[in-house]
*Asks:* 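Pasting a structure below so you can have a look.
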Amino acid sequence: MSSTGVQTAIGALADSNPAAHPLDHVIWRALTSRNCDVGEGDHLARRYLAPIAPFGATIDVSIASFQSLLALLPAGDQIALFTLEEIIPPSFFSVVQRGAVDQMVLVKMPAHVRSMPIVTLDVRDVPDMLALVEATHPGPFGPRTIELGEYIGVRRQGILVAMAGERMRLDGFTEISAVCVHPSGRGQGLAAELVSTLVRSIVSRGEIPFLHVFNSNRPAIELYLKLGFILRRPIHLALLARASDDAGCDR
């Protein structure tokens, strides 16, 4: 790597192919369409507002685009990219984490089995939602993530034991995310019921549900397969920070 930090990034990230599937560059498509009001940036790079989600994207892999992305990243913050191929970013970024993610889409409606009371969650529930996320680690969920869409859950004796909701939205598609169940409620079909409920809501709007899951999370993948999802394609996750923040990270 050059010490100047201006070498070309390596990898397939650009949305330059007009025939590309919208979900190939899902973050960019969401932030330039239905999620544009909860993001920031310019024509080269965009990201969700930090309290909402850590995801960002660039229009291509040029140095100019990554410089625009850097301008959206305060010192001490991190930003996550989904790319079709593993990328090596310019040297002014450090790679904090890499991951292999399965992108799954719905192809068959799940069976309708409503066996438990489900509640709609709102901003008053955010402290309980954050506590459940802390206990279960389903993925990024911030104090304003609930603004992205519908969130539902199951309460028992007033305690939130399971939840799921909608995150990235783009024309014709809505992502299901934050699927989590407290250890005390696992093995009871709560996740399946919540995901199925969201699927029916999304499909009723004429949209296609999709989701992302680490490909090492086999129990979750098996559940989603049973609920009518299939693997659409593998996605690469790169969590980036300013190089000055994480000098010891992967380059």
*Asks:* Check whether V179 and I152 end up in the same hydrophobic cluster, where Ile, Leu, Val, Met, Phe, Trp and Tyr are linked by side-chain heavy atoms less than 4.5 Å apart.
*Replies:*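 Yes, same cluster.
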
*Asks:* Are I59 and H43 side-chain neighbours, meaning at least one heavy-atom pair lies under 4.5 Å?
*Replies:*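 They are not in contact (no side-chain heavy atoms under 4.5 Å apart), so the answer is no.
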
*Asks:* Quick one: pull up OG in S68 and CZ in R47 and give me the separation to the nearest 0.5 Å.
*Replies:*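 Here the rounded value is 14.0 Å.
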
*Asks:* Would you say the side chains of R232 and Q103 form a donor-acceptor pair under 3.5 Å?
*Replies:* yes

*Asks:* Do L227 and V199 come close enough that some side-chain heavy atom pair is under 4.5 Å?
*Replies:* no

*Asks:* Can you find a heavy atom in the side chain of L211 that is under 4.5 Å from one in the side chain of S177?
*Replies:* no

*Asks:* Run the salt bridge (Lys or Arg N to Asp or Glu O under 4.0 Å) check on R205 and E166 step by step: do they pass?
*Replies:* CA-CA 13 Å; R205 304 194 300 258; E166 300 171 347; 3.2 Å; yes

*Asks:* Within this structure, what is the CD-OG1 distance for the pair Q67 and T58, rounded to the nearest 0.5 Å?
*Replies:* 12.0 Å

*Asks:* If the test is side chain to side chain contact (heavy atoms under 4.5 Å, CB included), which one of V95, V96, D77 qualifies with L240?
*Replies:*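 Among the candidates, only V95 passes.
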
*Asks:* Any side-chain to backbone donor/acceptor pair from N35 onto R169? Under 3.5 Å, distance only.
*Replies:* yes

*Asks:* Would you say L231 and F214 are hydrophobically clustered, going by side-chain heavy atoms of ILVMFWY under 4.5 Å?
*Replies:*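 The answer is no; the residues belong to distinct hydrophobic clusters.
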
*Asks:* Please check if the side chain of H25 supplies one atom and the backbone of P22 the other of a donor-acceptor pair under 3.5 Å.
*Replies:* no

*Asks:* Do the side chains of R233 and D24 get nearer than 4.5 Å, heavy atoms only?
*Replies:*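 The answer is yes, as the side chains (C-beta and beyond) meet within the 4.5 Å cut-off.
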
*Asks:* Distance-only, no hydrogens or angles: does the S62 side chain make a donor-acceptor pair with backbone N or O of S65 under 3.5 Å?
*Replies:* yes

*Asks:* Examine distances only and state if a side-chain atom of T83 and a backbone atom of E85 form a donor-acceptor pair shorter than 3.5 Å.
*Replies:* yes

*Asks:* Quick check: does any side chain N or O of R98 sit under 3.5 Å from a backbone N or O of I87, one acting as donor and the other as acceptor?
*Replies:* yes

*Asks:* Is there a path of hydrophobic side-chain contacts, each under 4.5 Å between heavy atoms of I/L/V/M/F/W/Y residues, joining L23 to L237?
*Replies:* yes

*Asks:* State, with a plain yes or no, whether a side-chain heavy atom of S204 is found less than 4.5 Å away from one of I202.
*Replies:*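 A side-chain contact under 4.5 Å is absent here.
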
*Asks:* Would you say I63 and P90 make side-chain contact, with heavy atoms under 4.5 Å?
*Replies:* yes

*Asks:* Using a 3.5 Å distance criterion without hydrogens, assess whether the side chain of R46 forms a donor-acceptor pair with backbone atoms of W28.
*Replies:* no

*Asks:* Does the plane of the ring in F82 sit parallel, tilted or perpendicular to the ring in H212? Use 30° and 60° as the thresholds.
*Replies:*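 Taking H212 first and then F82, their aromatic rings sit tilted (interplane angle of 30° to 60°).
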
*Asks:* I'd like to know if the side chain of R156 and the backbone of I159 have a donor-acceptor N/O pair within less than 3.5 Å.
*Replies:*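 Side chain of R156 to backbone of I159, a donor-acceptor pair under 3.5 Å: no, none is there.
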
*Asks:* If only atom types and distance count, is the side chain of R167 paired as donor or acceptor with the main-chain N or O of L148 below 3.5 Å?
*Replies:*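 Not a single qualifying donor-acceptor pair exists.
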
*Asks:* With the 4.5 Å side-chain cut-off for hydrophobic clustering, are I176 and V213 part of the same group?
*Replies:*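 Yes, one cluster joins them.
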
*Asks:* I need the S33 OG to L170 CG distance, nearest 0.5 Å.
*Replies:* 5.0 Å

*Asks:* Could you state whether L223 and V161 fall into the same hydrophobic cluster, counting links through intermediate Ile, Leu, Val, Met, Phe, Trp or Tyr residues with side-chain heavy atoms under 4.5 angstrom apart?
*Replies:* yes

*Asks:* Supply the atom-to-atom distance R155 CZ to M163 CE, rounded to the nearest 0.5 angstrom.
*Replies:* 11.0 Å

*Asks:* Are there more than 12 heavy atoms of other residues, nucleotides or ligands under 6.0 Å from atom CZ of R124?
*Replies:* no

*Asks:* Can you tell me how far the CG atom of L31 sits from the CG atom of L49, to the nearest 0.5 Å?
*Replies:*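 Going from CG on L31 over to CG on L49, the span is 9.0 Å.
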
*Asks:* Would you say T145's side chain and I52's backbone share a donor-acceptor pair under 3.5 angstrom?
*Replies:* yes

*Asks:* Between F55 and Y48, how do the two ring planes meet: parallel, tilted or perpendicular, split at 30° and 60°?
*Replies:* perpendicular

*Asks:* Where the side chain of S201 meets the backbone of L198, is there a donor-acceptor pair that is under 3.5 Å apart?
*Replies:* no

*Asks:* Begin with the C-alpha distance, continue with both residues' side-chain angles, and end with the deciding distance and a verdict on side-chain contact (heavy atoms from CB on, under 4.5 Å) for V26 and I235.
*Replies:* CA-CA 10 Å; V26 59; I235 296 288; over 6 Å; no

*Asks:* Less than 4.5 Å apart, side chain to side chain, heavy atoms only: is that true for L69 and I79?
*Replies:* yes

*Asks:* Are V195 and F229 packed together at the side-chain level, in the sense that at least one heavy-atom pair is separated by less than 4.5 angstrom?
*Replies:* yes

*Asks:* Let me confirm one number: the CG-CD distance from D37 to E147, rounded to the nearest 0.5 Å.
*Replies:* 9.0 Å

